[in-house]
Participant: 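Structure incoming, see below.
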Amino acid sequence: MLDIKLIRSEPEAVNKALAARGKGHNIDEILALDVKRRDLIFSVEQKKSEQNSKSKLVPQWKKEGRDTAELFAEMKKLSDEIKEGDAALAEIDESLTSMLLSIPNTPNPLVPIGKDDTDNLEIRKNGTPRQFDFAPLPHWEIGKALDILDPETAAKVTGARFHFYKGLGARLERAVINFYLDFHSKKSGYTEIFPPFMVNRASMTGTGQLPKFEEDAFKLANEDYFLIPTAEVPVTNMFRDEILSADALPIKYCAYSACFRAEAGSAGRDTRGLIRQHQFNKVELVKFADPETSYDELESLTNDAAAVLEALGLPYRVVRLCSGDLGFSSAMTYDIEVYMPSYERYVEISSCSNFEDFQARRANIRFRRENGDKPQFLHTLNGSGVAVGRTVAAILENFQNADGSVTIPEALIPYMGCDKIG
RNA sequence: GGAGAGAUGGCUGAGCUGGUCUAAGGCGCACGAUUGGAAAUCGUGUGUGGGCUAAUACCCCACCGAGGGUUCGAAUCCCUCUCUCUCCGCCA
């Protein structure tokens with residue numbers, strides 16, 4: 001959510017920043033409603049003030065034995081007017097809030113202006129895509145041949161876009177999860193969190209999934225709970241409506257969770273393999289930072305996420321998303337893309353974002369710099385550290401051998417108890 | 001799921017027979033006095049959001065778990081919901 005005071009004081013700048021996203025967002029309606037709101041507040045509060053002062057007269061007059069009938073009549077009239085004003089105000093507040101919640105974050109000036117992912121800016125590359133001396137198979141064929149991935153049975157048991165992992169495939173998924181959690185918590189200093197996989201509506205609103213993107217989420221039928229699309233939601237909302245002290249920052253959390261996405265609008269895309277599932281595993285990195293250092297924290301967060309790919313020996317590149325490709329809540333995002341031989345290109349495996357105070361304002365997460373200072377909104381950041389299913393896909397494809405077996409990266413051998421599959 | 005008890009400021013804790021609540025008292029915290037310095041003591045201050053504003057100054061409005069209602073007036077009465085605790089049931 002953008003700051004209404006910023007919208008009020010610099011409307012042109014805000015509109016210009018939003019225009020970079022290219023989706024026709026603007027704040028003109030909000031400005032008009034804001035004026036109406038403040039006019040109404042002024043008149044209603046004046047009446048309330050009068051009501052309060054008259055109310056104080058009641059016990060006084062009664063003590064003096066004066067007749068209060070006329071006073072009560074005046075107060076009744078005031079009361080009716082106040083009720084009317086409050087109702088009108090509540091209506092304005094509601095539409096103003098819903099408008100504000102539907103406006104995306106303003107991009108950081110460093111974000112390149114662009115239309116879609118073809119305009120993203122490559123920042124750096126690590127490793128070289130392997131030259132195969134045989135025809136490499138896509139991971140879904142490797143998975144089938146080794147009998148470690150089974151989407152057909154999952155389609156029967158549940159539906160499309162689900163997988164059973166079997167045998168060493170299941171163990172590989174679990175090995176990657178454990179490796180990532182150990183890496184981030186032991187080497188990079190993130191405190192490990194195991195969050196709930198369902199959250200309430202307030203949490204989904206706090207991080208920006210609601211109200212605009214309800215169709216992307218799985219919602220329980222018998223509760224107002226949602227299956228989390230990422231651990232970012234429960235972990236960021238741990239501090240909803242809290243005021244932290246400055247010396248607690250930055251707070252660094254890593255969390256494994258299963259992630260659930262309806263993938264509305266993705267019909268026909270990535271229909272085979274592990275790339276786009278309704279349920280997938282991910283280890284997420286979340287930071288709560290001082291606004292002054294949040295962009296340094298974004299750099300280190302991105303490096304921390306990329307470090308696990310380096311440790312596995314997977315080739316990747318880092319791109320800065322352009323304005324048109326930027327997520328709703330983000331001010332700046334680095335995507336980390338792993339090289340996927342079956343796609344013959346780099347495929348997103350992590351998305352690291354600085355939300356600045358956009359989520360913090362929605363979720364009301366604040367900090368106090370000094371004892372006695374006014375609380376201010378902190379900055380929230382998160383990034384995948386990294387997607388587990390896509391990692392398994394990348395391992396199967398990048399480390400496949402001519403005989404159909406797959407070599408296990410050295411870092412995972414202690415977790416697997418073997419050095420190859422097949 | 002059933003029965004009961006509860007939710008008040010950073011914490012603790014009164015108020016809960018509606019109007020002197022502008023929410024007592026204590027603890028903590030901040031500043032000051034005292035002191036060679038400290039403790040103890042004494043004094044002063046101590047929330048959040050909104051409106052107005054150059055102002056983080058004054059003034060005004062709102063906030064006693066959340067949302068509704070009754071009333072001229074609600075921390076206080078009524079309803080719904082959420083959470084916590086105790087017991088029972090069920091369950092991993």
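Chain letters run A, B, ... following the sequence lines, proteins first and then strands; every chain starts at 1. This one's a predicted model, so the numbers in the text were calculated from it and none came from an experiment.
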Participant: Quick check: on RNA chain B, is the nucleotide nearest A/N52 upstream (toward 5') of the one nearest A/R366, or the reverse? Name the residue that is more 5'.
Facilitator: A/R366

Participant: Please identify which of these residues, A/L244, A/D290, A/I251, meets the side chain to side chain contact (heavy atoms under 4.5 Å, CB included) condition with A/L378.
Facilitator: A/L244

Participant: Please check the phosphate of B/rG50 (OP1 and OP2 only) for any side-chain N or O of A/R38 closer than 4.0 Å.
Facilitator: no

Participant: Pick base, sugar-phosphate or nothing for A/R369, based on heavy-atom distances below 4.0 Å to the nucleic acid.
Facilitator: nothing

Participant: What I want to check is whether an N or O donor and acceptor connect the side chain of A/Q51 with the base of B/rG73 at under 3.5 Å.
Facilitator: no

Participant: Pick base, sugar-phosphate or nothing for A/K54, based on heavy-atom distances below 4.0 Å to the nucleic acid.
Facilitator: nothing

Participant: Please measure how far the C1' atom in B/rU76 lies from the corresponding atom in B/rC64, and state the result in whole Å.
Facilitator: 10 Å

Participant: Which nucleotide, if any, forms a Watson-Crick or G-U wobble pair with B/rA24, using both distances under 3.5 Å?
Facilitator: none

Participant: In whole Å, measure the gap between the P atoms of B/rU8 and B/rU46 for me.
Facilitator: 22 Å

Participant: Expressed in whole Å, how much space separates the C1' atoms belonging to B/rG13 and B/rA24?
Facilitator: 10 Å

Participant: If you look at every strand shown and take non-hydrogen atoms under 4.0 Å, does A/R201 touch a base, only sugar-phosphate, or nothing?
Facilitator: nothing

Participant: Is the closest basic N to carboxylate O distance between A/K16 and A/E12 below 4.0 Å?
Facilitator: no

Participant: By the definition ring-ring contact (aromatic ring centres under 6.0 Å, His included), identify the one residue from A/F355, A/Y190, A/F377, A/F239 that meets it with A/F288.
Facilitator: A/F239

Participant: Any donor and acceptor pair, going by atom type alone, linking the side chain of A/Q400 with main-chain N or O of A/L137 inside 3.5 Å?
Facilitator: yes

Participant: Applying the Watson-Crick and G-U wobble criteria at under 3.5 Å, what pairs with B/rU56? Answer none if nothing qualifies.
Facilitator: none

Participant: Taking the side chain of A/I41 as its heavy atoms from C-beta onward, which of B/rC83, B/rG51, B/rG19 lies nearest to it?
Facilitator: B/rG51

Participant: Between B/rU22, B/rC60, B/rG73, which nucleotide gets closest to the side-chain atoms of A/S55?
Facilitator: B/rG73

Participant: Say you pick atom C1' in B/rC11 and the same atom in B/rU20; how far apart are they, in whole Å?
Facilitator: 29 Å

Participant: Using the P atom on both, measure B/rG67 against B/rA3 and round to a whole Å.
Facilitator: 27 Å

Participant: When we call it a touch if two heavy atoms are under 4.0 Å apart, what does A/S49 touch: a base, just sugar-phosphate, or nothing?
Facilitator: sugar-phosphate

Participant: Can you tell me how far P in B/rG4 sits from the matching atom in B/rC79, rounded to whole Å?
Facilitator: 13 Å

Participant: Is A/D357 salt-bridged to A/R361, going by a charged N under 4.0 Å from an acidic O?
Facilitator: yes

Participant: Who does B/rA74 pair with, Watson-Crick or G-U, both distances under 3.5 Å?
Facilitator: none

Participant: May I ask which nucleotide in the shown strands pairs with B/rU86, Watson-Crick or G-U wobble, both distances under 3.5 Å?
Facilitator: B/rA3

